Protein chains: 2
Amino acid sequence: MGKRALPAAMIARLPLYLRSLDELGQRNPTISSVRLGAVAGVAATQVRKDLSYLGSYGVRGVGYRVEELRERLHRELGLTRGWGVVVVGIGNLGTALAEYSGLRLWGFRVVGLFDVDPARVGNKVNGLRIKHLDRMESVVEHEQAEIGIIATPAAAAQLVVDRLVKAGVRSILNFAPAVLQVPRAVTLRRVDVSSELQILSHHLARAAGRAAG
Amino acid sequence: MGKRALPAAMIARLPLYLRSLDELGQRNPTISSVRLGAVAGVAATQVRKDLSYLGSYGVRGVGYRVEELRERLHRELGLTRGWGVVVVGIGNLGTALAEYSGLRLWGFRVVGLFDVDPARVGNKVNGLRIKHLDRMESVVEHEQAEIGIIATPAAAAQLVVDRLVKAGVRSILNFAPAVLQVPRAVTLRRVDVSSELQILSHHLARAAGRAAG
DNA sequence: CGTTGTGAAGGTCTTCACAGCC
DNA sequence: GGCTGTGAAGACCTTCACAACG
């Protein structure tokens, strides 16, 4: 019978809770919503509502059992699966991502690095050789990669996405400053540095305007 | 006579509209909400509502005049001010950000790069010498930097933020996987790669679960 | 007694439907 | 006729208030 869909905003907070548990370490076997919220930067009632969607994992008068909660969050976020990740575009950004220790920490396997620049192809990053983009499809298939990270220039991004999708990748994280199209069955998320800076700029301008009268 | 506050969600879309106008170039002097929405990946009625907050810049039966709209978006986003930006933590990510051409394109001035690693201090990135973090405060003051970008490890992030704020920076973009505290007058935004990947992982796990029954 | 879990209220954001205008 | 601008409706998200319970 249909599980009701989980709110997207709540899913986006689960990684914060998980990270907070890790930061707090093993000192206490339980944690209250107030404390978890303080560390995660989320209101305590929000924490409780979010966790209640995962089922009743708290104990009234006591709090949440840390180990149980950690496990539940891992499961909900699918971190037990060891998803395969490929990175396309190995400039400074792609290199930073390929070397990002968080990937391994959360159980992701980086199984392919791709570029089209002959000066980069063949180099090793984090123990993995950069391959030409032409070999992307065969690696995705062979290594069962499910996640693709786009760190190419904007002009190349849509082409790369189309190829990733065709090769079987079903989740894509886009760092290129471009709006990309994907089929409905594919999840696309965007990290848009340019937009973020412009939003900061807007706030600065507003504050300045307010101060000036 | 207070200006009503603009919806945050709408502000976050303005950079997309601006980018879309640039992508479309000078071919047409006007653009309809349908077309702009298609390029920006936003519903046409959403485009109209968003732009209506900026005042009546459209012409019924015709569309929006591209040049006028571009200028209005620039103004609202404060891109005419040439804000000074400093980057702290010049690893691969910090280097990528320091070299990001989008910064100059939108009128930001990168005025300082800082690190604590002696192996990095003194090196040049994008024509700018990396300085030791100790000199951050004096550069922020001297160059009037208003925006700080954190690309340090998580453990150092709160310390760096505190120093940036004390030095006078009022907008901060945090790439470190940490929840940071700032005074209310400071705008803090977060780019959280680790969370994004975990959200993608969740969607993969859900899809797999659904397929399996 | 302290803390969770949750219906209800309140707020924000998006979509709809259509009036208004060129 | 075609397109913008906008009040109203609807969806989504957060906060509140308090019942439930170990």
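Atoms considered below: every heavy atom in the structure, side chains included; atoms not considered: hydrogens, waters and symmetry mates. Source: prediction; values computed, not measured.
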Nearest-Å distance, CD1 (A:Ile11) to P (D:dC13)?
11 Å

Within this structure, what is the CG-to-C1' distance between B:Leu36 and D:dT4, rounded to whole angstrom?
13 Å

Go through the side-chain N and O atoms of B:Glu99 and B:Thr95 and say whether any donor and acceptor fall under 3.5 Å apart.
no

Round to a whole Å and report the spacing from CD1 of B:Ile31 to C1' of D:dG2.
16 Å

Hey, are A:Arg19 and A:Glu23 close enough for a salt bridge, meaning a charged N less than 4.0 Å from a carboxylate O?
no

Would you mind classifying the nucleic acid contact of A:Thr45 as base, sugar-phosphate or nothing, using non-hydrogen atoms under 4.0 angstrom?
base

Within the side chain of A:Arg72, is there an N or O that forms a donor-acceptor pair under 3.5 Å with the backbone of A:Leu54?
yes

Closer to the 5' end of DNA chain C via nearest nucleotide, is it A:Lys49 or A:Gly63?
A:Gly63

Respond yes when some side-chain nitrogen or oxygen of A:Tyr64 is under 4.0 Å from OP1 or OP2 of C:dG5, and no when none is.
yes

Hey, is the side chain of B:Ser33 poking within less than 4.0 Å of OP1 or OP2 on D:dT4, counting only N and O atoms?
yes

Applying side chain to side chain donor-acceptor pair (under 3.5 Å) to A:Glu146 and not counting sequence neighbours gives none

Specify the separation, in whole Å, of atom CD of B:Glu68 and atom P of D:dT4.
14 Å

Whole-Å distance, B:Arg48 CZ to C:dG20 C1', equals 13 Å

Give the nucleotide from the list D:dT15, D:dG5, C:dT14 with an atom nearest to the side chain of A:Gln46.
D:dT15

Base, sugar-phosphate, or nothing for A:Arg13, non-hydrogen atoms under 4.0 angstrom?
sugar-phosphate

Show the distances under 3.5 angstrom between N or O atoms of the protein and N or O atoms of nucleotides 20-22 of chain D.
{"from": "D:dA20", "atom 1": "N3", "to": "A:Arg60", "atom 2": "NH1", "distance (Å)": "2.7"}

Flag, side chain of A:Asn28 to backbone of A:Thr30, donor-acceptor distance under 3.5 Å:
no

Can any side-chain N or O of A:Asn174 pair as donor or acceptor with the backbone N or O of A:Ala178 at less than 3.5 Å?
yes

Using the test side chain to side chain donor-acceptor pair (under 3.5 Å), find all partners of B:Arg163 that sit at least two apart in sequence or belong to another chain.
B:Glu137

Rounded distance in Å - CE (B:Met10) to P (D:dG5):
12 Å

What is the separation between atom CG on B:Asp50 and atom P on C:dT14, rounded to the nearest whole Å?
7 Å

Rounded to the nearest angstrom, tell me the gap between atom OH in B:Tyr53 and atom C1' in D:dT4.
15 Å

